[in-house]
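Within every chain, numbering begins at 1; the chains are lettered A, B, ... in the order of the sequence lines, protein sequences first and strands thereafter.
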Amino acid sequence: MATDAPLPSNAELAALLRKIGGYLALHGEEGYRVLAYERAADVLQDYPASAATLALQGELRSLPGIGAAMEAKVLEYLHTGLIHLLVDLEARYPAGLLELLQLPGLGTATVRRLWETLGVCDAAGLREACLAGSVESLKGMGRRTQERILEALARGPAAGTGRHLLGAVEPTALRLLERLAGCDSVVQATCAGSLRRRCSTVKDIDLVAGSSEPPAVLRRFATTADLSRVIQVGSTKLVAETQNGISVDLRVVSPEAYGNLLQHATGSAAHNVALRRHAQHRGLKLSENGVEAVGRARSLPFAEEEGVYRHLGLDLIPPELREDQGEIEAAAEGELPRLIEPGDLRGDLHVHTSWSDGREGIREMALAARSRGLEYICITDHSRSLAMARGLDPARLEQQREEIRDCNLELTDITILAGCEVDILADGALDLPDHTLAGLDFVIASIHSAFSQPLERIMSRLRAAAENPHVDAIAHPSGRLLVSCVISSLTVGQEDAIVGYGRDDPCPGCCR
DNA sequence: GCCGTTTTCGGCCCGACTGTTTTCAGTCG
């Protein structure tokens, strides 16, 4: 790799390791070796700073799941631009096989068998083989499997596998929860999974319920009009898809084991793995059905989630902390932190209104804040250079301050502060003059353009803004994108930054 | 391939569901 080339992103490194893992799985490698690549990819993907920089500093092995082999492959890529193991694997297996692994219901064993016996090496070949009836002729496959593969091919690999903003999914989830709670014999029901952990993005909607008649609840729930199709129904579990294409997993157990199920379904996967290891060390086996002493046939169910954690010698861990980031050790020591709750919030210092790209006016935002118990808000609309958001120049900013003064006179039980989210321009200057900023109660500075500048240049812009005496805060400093979609040739991202969003191409609302 | 309440090798979370076969392999979360 050329020395002046930009360092690969964490996502790029993670994709390389994931590719190796996929090929090794097809190669029939031992499962734990494959798992190690997937775990390492997850770790690099989630690392908040540059993993490449960390590797060059010789510190990559300080990350969990990264050992000598992973570090060597990352360094090999950084120094040479390729990984020999991956090159060898790519020469041996068609790239299309990895795409086939993305299809729901197709795992490594099946894909490898289709390739070895039928020569299927991509989606087109698989469709052809299915239509010719070749797949169902294989031992152990059958007609139903062949139909299922054709359905998966028709839907494509992306269907139901993307992530969505929490706020975009929650209304649908709450509506489904209402339907579930309304089913006869349901005594408890709630959302689980990443929704309950309040993750920024969620992959699907996980629901759990306690009932003396799980099969009847599942049958009833399967008829909910909000579901476009039911993929799978067993005696305790249902998998379906909503009208807007989001996967739904529902598990129903007896109320006596509701706590175990809720714990299991809330996750995360990493937390559950760590919790089960913790249980093992205490001579216990943990599952969604209960906790049992190793060697005993009977498991102990818990109606409440707290009982599960207490039985394992732990304080109840808030769902938001269940990511295997040290929360189990903290719970064992009684040292879990107290989380900030909505009731702790006294004000909101970053509020947009219809003066720029918000949807509501100043008064409406103040009333909404007051209804949530806030004591103050600060109106911080965009500045003039963000033309697509109708950013404010000094004259409009002054007009806005007059409206804020009027609102403060009318609404006596909440304080409305006058502020601005001023752009940090490409040359590091701020988008509004100092004397304008000096008259505001609170000034946020942020970058909305020229993201492609070198890291040092962007850092110098942020540093210059932070050193301005009128700037009180820097917004979205990482410029991360939580979800993105493509509109024509443009990529639109949401939540922390908008990249490549053309002036004349209004976002249709798909990301909101 | 990683890693340590088992610490340089042996173990690595656990169960539901499907399709096919009739006891289990494969997939998924």
Side-chain angles (χ1 to χ4, degrees), chain A residues 17 20-21 24-25 29-43 60-74 85 100-114 135-136 138-149 151-152 160-161 192-194 202-208 214-215 218 230-239 247-253 257 260-261 263-292 294 299 312-313 324 328-329 332:
Chain A
L17 296 186
I20 294 175
L24 288 177
E29 266 294 343
E30 199 240 351
Y32 287 109
R33 189 179 175 208
V34 174
L35 197 59
Y37 278 95
E38 290 172 359
R39 281 179 178 160
D42 288 342
V43 168
L60 200 63
R61 291 179 69 179
S62 64
L63 300 180
I66 304 290
M70 298 296 174
E71 180 186 47
K73 285 174 181 65
V74 169
L85 174 60
L100 292 182
L101 287 176
Q102 299 303 310
L103 292 168
L106 281 189
T108 51
T110 306
V111 168
R112 186 180 178 198
R113 189 156 168 241
L114 289 168
V135 174
E136 72 169 300
L138 296 178
K139 181 173 166 52
M141 295 296 271
R143 172 156 296 183
R144 180 71 196 101
T145 299
Q146 184 169 274
E147 289 171 355
R148 192 171 45 81
I149 291 174
E151 287 170 16
T161 60
S194 48
V202 299
K203 181 166 172 284
D204 55 15
I205 296 172
D206 291 299
L207 298 170
V208 296
L218 292 170
V230 175
I231 299 163
Q232 183 182 96
V233 194
S235 58
T236 67
K237 177 180 171 180
L238 170 148
V239 178
S247 296
V248 178
D249 282 3
L250 167 62
R251 295 284 299 271
V252 187
V253 292
N260 301 94
L261 174 66
Q263 190 287 314
H264 168 80
T266 298
S268 62
H271 173 82
N272 282 355
V273 168
L275 196 64
R276 283 171 174 161
R277 283 197 188 125
H278 175 85
Q280 279 188 333
H281 294 151
R282 299 172 70 89
L284 300 169
K285 192 173 79 167
L286 175 68
S287 80
E288 59 259 59
N289 300 320
V291 185
E292 64 184 75
V294 173
S299 68
L312 298 174
D324 190 25
I328 293 175
E329 294 79 3

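Side-chain nitrogen and oxygen atoms of Thr145(A) include none within less than 4.0 Å of the OP1 or OP2 phosphate oxygen of dT18(B). Dashed line: the shortest gap from a side-chain N or O of Asn272(A) to OP1 or OP2 of dG15(B) is not under 4.0 Å. Close to dG11(B), at under 4.0 Å from its OP1 or OP2, lies no side-chain N or O of Gln280(A).
Side-chain atoms of Glu29(A) never come within 3.5 Å of backbone atoms of Val34(A) as a donor-acceptor pair (strictly under, hydrogens ignored). At least one donor-acceptor pair closer than 3.5 Å links the side chain of Gln146(A) to the backbone N or O of Val135(A). The closest donor-acceptor contact from the side chain of Arg282(A) to the backbone of Leu312(A) lies under 3.5 Å.
Of all nucleotides listed (dG1(B), dC14(B), dC17(B)), dC14(B) comes nearest to the side chain of Ser287(A). When the nucleotides dC17(B), dA16(B), dG1(B) are ranked by their closest atom to the side chain of Ala36(A), dG1(B) comes out on top. Of the candidate nucleotides dG15(B), dG1(B), dC17(B), dG1(B) has the atom nearest to the side chain of Ala69(A).
Within 4.0 Å of Val239(A), counting heavy atoms only, lies no atom of the nucleic acid at all.
We find that the ring of Tyr32(A) and the base of dC2(B) do not stack by the test of centres under 5.5 angstrom and planes tilted less than 30°.
Nucleotide dA16(B) holds its P atom 19 Å from the CG atom of Leu207(A), rounded to whole Å. The interatomic distance linking Arg61(A) (CZ) with dC2(B) (P) rounds to 8 Å, in whole Å.
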Output one line per pair: protein atom, nucleotide atom from nucleotides 23-29 of chain B, and distance, for all N/O pairs under 3.5 Å.
{"from": "dG26(B)", "atom 1": "O3'", "to": "Thr110(A)", "atom 2": "OG1", "distance (Å)": "3.1"}
{"from": "dT27(B)", "atom 1": "OP1", "to": "Gly107(A)", "atom 2": "N", "distance (Å)": "2.6"}
{"from": "dT27(B)", "atom 1": "OP1", "to": "Gly107(A)", "atom 2": "O", "distance (Å)": "3.0"}
{"from": "dT27(B)", "atom 1": "OP1", "to": "Thr110(A)", "atom 2": "N", "distance (Å)": "3.1"}
{"from": "dT27(B)", "atom 1": "OP1", "to": "Thr110(A)", "atom 2": "OG1", "distance (Å)": "2.6"}
{"from": "dT27(B)", "atom 1": "OP2", "to": "Ala109(A)", "atom 2": "N", "distance (Å)": "3.4"}
{"from": "dT27(B)", "atom 1": "O5'", "to": "Gly107(A)", "atom 2": "N", "distance (Å)": "3.4"}
{"from": "dC28(B)", "atom 1": "OP1", "to": "Gly105(A)", "atom 2": "N", "distance (Å)": "2.3"}

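Base-pair partner of dC28(B): dG15(B) (Watson-Crick or G-U wobble, both distances under 3.5 Å).
In this structure, Arg148(A) does not pair ionically with Glu151(A), as no charged nitrogen and carboxylate oxygen lie closer than 4.0 Å.
At a threshold of 4.5 Å between non-hydrogen side-chain atoms, the residues Thr236(A) and Arg251(A) count as touching.
A pairwise comparison of heavy atoms in Met70(A) and Ala40(A) identifies SD-CB, 3.8 Å as the closest pair.
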